[in-house]
Amino acid sequence: MRKMLLSFRPEVYEKIKAGQKIFEHRRNFPDESVMAYMYVSSPVKAITGIVYLGKRHCLFDWLEKFKDDSDAVTRIKEYIETYHYRYAMEIEKFQETSQIALDDLRENVPGFVAPQMYIYLDNTELLEYIDSNLKMADLQVKHLFERIEACQVCKH
């Protein structure tokens, strides 16, 4: 499983942590399962969790699949037209962790810049630093995706 550093706004992080958000929507995303360290932007400015992203869904496919549910179609179209998202990744698991602050990352990893979207970490000094400094916390949230219902797609 590839590893990446993925940026999140604080309010999105909180929804994932609370188990309310089960899909991560992005304009572009690889079609493979990913373990993503969560960099939470200002005012947090720290790596503070891990998400395991599973299957990638194309929002245009969901338009067809949920065409009989007008509320779902409206939400999907909003995500496509307003946010320009094309994909939804299943959030299979969230793992809360200790924090690694932006200042620590900049000080200990030469050239570190917080990602705008995501960066791959495979075989990098940044991955070594994160792995040696991040501690797992007790909180874990898991989601099963046996069946996706229209009411679950493209929720804020």
Side-chain angles (χ1 to χ4, degrees), residues 1-97 99-102 105 109 111-124 126-127 130 134 137 139-156:
M1 179 177 292
R2 293 195 73 183
K3 294 181 179 183
M4 65 172 50
L5 182 60
L6 193 56
S7 287
F8 292 88
R9 292 185 322 275
E11 61 273 15
V12 173
Y13 171 81
E14 291 299 327
K15 285 182 181 180
I16 292 170
K17 180 179 171 180
Q20 298 167 338
K21 182 173 171 60
I22 63 170
F23 294 102
E24 175 57 21
H25 300 86
R26 297 280 167 149
R27 292 179 183 149
N28 295 300
F29 214 79
D31 191 10
E32 61 184 321
S33 295
V34 172
M35 175 188 166
Y37 294 95
M38 302 176 75
Y39 176 81
V40 181
S41 60
S42 185
V44 177
K45 296 183 188 176
I47 296 172
T48 186
I50 299 171
V51 285
Y52 295 83
L53 303 173
K55 184 176 179 185
R56 182 181 80 170
H57 299 271
C58 178
L59 298 187
F60 292 100
D61 293 343
W62 277 357
L63 276 177
E64 177 62 25
K65 181 176 180 178
F66 300 112
K67 65 185 176 194
D68 296 332
D69 186 312
S70 61
D71 290 339
V73 168
T74 299
R75 290 193 313 271
I76 295 166
K77 284 183 175 178
E78 177 188 10
Y79 272 60
I80 292 169
E81 295 165 7
T82 304
Y83 305 115
H84 307 289
Y85 293 143
R86 297 186 326 186
Y87 300 106
M89 298 288 292
E90 295 178 358
I91 300 173
E92 294 178 342
K93 183 172 132 182
F94 163 79
Q95 171 68 59
E96 187 176 29
T97 66
Q99 291 193 4
I100 302 176
L102 176 59
L105 291 162
V109 181
F112 178 80
V113 177
Q116 293 297 310
M117 290 184 18
Y118 62 86
I119 55 172
Y120 283 107
L121 297 174
D122 305 316
N123 303 311
T124 63
L126 177 55
L127 178 58
I130 293 170
L134 207 61
L139 180 66
Q140 268 192 11
V141 178
K142 294 181 182 182
H143 301 285
L144 300 176
F145 291 92
E146 294 165 357
R147 183 173 170 183
I148 298 171
E149 302 288 340
C151 63
Q152 297 173 302
V153 302
C154 296
K155 302 285 264 188
H156 288 288

Does some side-chain heavy atom of [Y] sit less than 4.5 Å from a side-chain heavy atom of [X]?
| X | Y | result |
| --- | --- | --- |
| Q99 | V44 | yes |
| P43 | P10 | yes |
| L63 | K77 | yes |
| V153 | D69 | no |
| F112 | L5 | yes |
| M4 | F29 | yes |
| T124 | I119 | no |

Mark yes or no for whether [X], through its side chain, and [Y], through its backbone, hold a donor-acceptor pair below 3.5 Å.
| X | Y | result |
| --- | --- | --- |
| R2 | A36 | no |
| K65 | K67 | no |
| Q95 | A137 | yes |
| S7 | P115 | yes |

What distance separates [X] [atom1] from [Y] [atom2], expressed to the nearest 0.5 Å?
| X | Y | atom1 | atom2 | result |
| --- | --- | --- | --- | --- |
| K142 | E92 | NZ | CD | 10.5 Å |
| R75 | T82 | CZ | OG1 | 14.0 Å |
| I148 | W62 | CD1 | CH2 | 5.5 Å |
| E24 | I16 | CD | CD1 | 5.5 Å |
| T97 | I50 | OG1 | CD1 | 6.0 Å |
| R26 | Y85 | CZ | OH | 7.0 Å |

Partner of H57 under side chain to side chain donor-acceptor pair (under 3.5 Å), chosen from R86, E90, H25: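 With H57 as partner, R86, E90, H25 yield a single side chain to side chain donor-acceptor pair (under 3.5 Å), made by E90.
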Quick check on [X]: does its [atom1] atom have over 12 non-hydrogen neighbours (other residues, nucleotides or ligands) under 6.0 Å away?
| X | atom1 | value |
| --- | --- | --- |
| K45 | NZ | no |
| D122 | CG | yes |
| E11 | CD | yes |

Locate the shortest heavy-atom distance separating [X] from [Y]; write the atom from each residue and the value.
| X | Y | value |
| --- | --- | --- |
| F94 | G49 | CE1-CA, 4.3 Å |
| A72 | F66 | CB-CB, 4.1 Å |
| F145 | I91 | CE1-O, 3.4 Å |
| H143 | V141 | NE2-CG1, 3.7 Å |
| Y79 | C154 | CE1-O, 3.3 Å |
| R27 | H84 | CG-O, 3.0 Å |

Check: F8 ring centroid to Y13 ring centroid under 6.0 Å: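 When the ring centroids of F8 and Y13 are compared, they turn out to be at least 6.0 Å apart.
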